[in-house]
Amino acid sequence: MKELFSNTIQLLKSTLNIKVFACCFLLIAAACYCNYYTGLKLWPTKGNFLDSFAFLSALFLFFFIAAFLITSVVFKIKYSLSDKYLPVLVIAPVLFALKVCLPLDDLLLSTASPAYQLAFLKAASWFGAFVFTTGMLLLLHFYFERKWNLYYTSRTKSLLPYVLLIIGMIPLIAFAAAQPDFQRMYPRAKDILVLGTSATPIHYLLFEISYAFDFITIELFFRGFLIATMSRILGTYCIIPIALFYFSIHLGKPMLEAISSFFGGLLLGAVSYHTKSIWGGWMVHVGIALIMELMGFLFSTI
């Protein structure tokens, strides 16, 4: 455990650069101002598939490539335009936009009643996205490495550091849970309430299981695929553009959650870089998400 903490802190310290983080914070501040305080929303709430896909692809591309260029220029990292991993800068944002926009819930809920379709719309999307994204990442791993596998899926050595990290997050989550925008978003499982008196604990359990699968998707993508590939170009500094990309996917969430996602992305990226495993990060993600769900039920005004 001491080794993990020591390596993680050392990596984070090595990436500290006032120019890089000033640029990142300016991008985050500008995005938050536009998204939460003006009519210029950076996360589509309506629209057809093509419009939403094009918008989110552009959004993710902007943050990922901007942070990549900032990092590579400030740290004077040389790379070749023919590097086989460089296309990840475009592939990753487009793939994640597909993950968000594809109407995968239609395939899973086509025979369900209208009430069940409303109740499990998000859950079906999460599970469908897990199947789709995992399949795409398998293909990408084969393309880059010429073998069938998934990046960073080896077993983690110890769970204790991740348990301590989850416990440390509880006060921050409790503070966030008292905010109105948090209460509007959480608990995600409030969707089950549309079933009325027919809602059972099994329905809530199925919903939360699907929610947990979404975090496997997130960790496989950001702390597996992206850390493994982008580290071939940027080394340890890869955690910075990946964290800013990770921030951009949270612009549909409450502002405090979006801002904190950048720092969480840095921390989990550093852990994944050293452990070569996504499972500790997944445990933290799911633990925090379930606490947020619990806090959502406790603080909800609905």
Side-chain angles (χ1 to χ4, degrees), residues 43-46 49 52 96 98-135 159 162-163 165-167 169-221 249-250 252-254 256-258 260-261 264 278-302:
W43 193 268
T45 54
K46 295 180 181 179
F49 165 75
S52 297
F96 202 84
L98 274 174
K99 178 263 184 194
V100 174
C101 297
L102 281 175
L104 299 165
D105 52 282
D106 289 345
L107 298 175
L108 297 174
L109 296 174
S110 58
T111 59
S113 67
Y116 275 88
Q117 289 185 19
L118 285 173
F120 288 99
L121 177 66
K122 293 189 186 77
S125 296
W126 292 326
F127 187 75
F130 164 74
V131 175
F132 167 76
T133 307
T134 302
L159 297 180
Y162 308 108
V163 172
L165 186 57
I166 293 170
I167 293 172
M169 287 294 295
I170 292 176
L172 181 60
I173 297 170
F175 171 78
Q179 310 307 311
D181 55 351
F182 182 99
Q183 294 168 14
R184 285 191 292 270
M185 176 71 69
Y186 296 98
R188 307 299 294 271
K190 65 187 175 186
D191 290 4
I192 302 299
L193 294 174
V194 302
L195 297 178
T197 56
S198 63
T200 68
I202 296 297
H203 291 125
Y204 286 99
L205 179 62
L206 289 174
F207 188 96
E208 299 296 357
I209 289 173
S210 296
Y211 196 21
F213 268 98
D214 190 49
F215 294 116
I216 298 179
T217 307
I218 296 292
E219 294 304 317
L220 283 172
F221 186 85
I249 75 166
H250 287 79
K253 303 285 185 71
L256 281 177
E257 184 177 350
S260 65
S261 69
I278 67 163
W279 298 114
W282 175 74
M283 178 180 171
V284 171
H285 231 145
V286 171
I288 291 173
L290 293 179
I291 293 171
M292 290 170 70
E293 286 288 279
L294 176 61
M295 293 287 184
F297 277 112
L298 294 175
F299 284 84
S300 178
T301 57
I302 298 177

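The first residue in the sequence is number 1, and the count goes up from there.
Remark: Phe175 engages no residue in a ring-ring contact (aromatic ring centres under 6.0 Å, His included) (not counting sequence neighbours). Every ring-ring contact (aromatic ring centres under 6.0 Å, His included) that Phe207 has, sequence neighbours left out, goes to Trp126. Residues meeting the side-chain contact (heavy atoms from CB on, under 4.5 Å) test with Thr197, sequence neighbours left out: none.
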Distance-only donor-acceptor pairs under 3.5 Å for side chains of residues 208-218, two or more places apart:
{"unit_1": "Ser210", "atom_1": "OG", "unit_2": "Leu206", "atom_2": "O", "d": "3.2"}
{"unit_1": "Asp214", "atom_1": "OD1", "unit_2": "Lys99", "atom_2": "NZ", "d": "3.0"}
{"unit_1": "Thr217", "atom_1": "OG1", "unit_2": "Phe213", "atom_2": "O", "d": "3.2"}

Side chains of residues 285-297: which donor-acceptor partners sit under 3.5 Å, not counting sequence neighbours?
{"unit_1": "His285", "atom_1": "ND1", "unit_2": "Glu219", "atom_2": "OE2", "d": "2.6"}
{"unit_1": "His285", "atom_1": "NE2", "unit_2": "Tyr246", "atom_2": "OH", "d": "2.8"}
{"unit_1": "Glu293", "atom_1": "OE1", "unit_2": "Arg188", "atom_2": "N", "d": "3.4"}
{"unit_1": "Glu293", "atom_1": "OE1", "unit_2": "Ala189", "atom_2": "N", "d": "3.1"}
{"unit_1": "Glu293", "atom_1": "OE2", "unit_2": "Arg188", "atom_2": "N", "d": "2.6"}

- Message: With side-chain contact (heavy atoms from CB on, under 4.5 Å) as the criterion, how do Phe120 and His203 come out once you've worked through the C-alpha distance, each side chain's angles and the decisive distance to 0.1 Å?
- Response: CA-CA 9 Å; Phe120 288 99; His203 291 125; 3.8 Å; yes

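Summarising the geometry, atom CG belonging to Leu298 is positioned 11.0 Å from atom CD belonging to Gln183; distances are rounded to the nearest 0.5 Å. Rounding to the nearest 0.5 Å gives a distance of 7.5 Å between CZ of Phe182 and CD1 of Ile173. To the nearest 0.5 Å, the span separating CE on Met185 from CD on Gln179 amounts to 14.0 Å. Tyr162 OH to Ile167 CD1: the interatomic distance, rounded to the nearest 0.5 Å, is 15.0 Å. To the nearest 0.5 Å, atom CZ of residue Phe221 and atom OG1 of residue Thr134 are 12.0 Å apart. Remark: Ser113 OG to Leu118 CG distance equals 9.0 Å, nearest 0.5 Å.
Between the side chain of Ser260 and the backbone N or O of Glu257 there is at least one donor-acceptor pair closer than 3.5 Å.
Across all non-hydrogen atoms, the minimal contact from Val194 to Ala115 is CG2-O, 3.6 Å. Minimum heavy-atom separation, Leu195 to Ala119: CG-CB, 3.9 Å. Of all heavy-atom pairs between Ala199 and Tyr204, the closest is CB-CE1, 4.3 Å.
The salt bridge (charged side-chain N to carboxylate O under 4.0 Å, His left out) pairs that include a residue from residues 111-130 are Lys122-Asp191, where partners are two or more places apart or lie in different chains.
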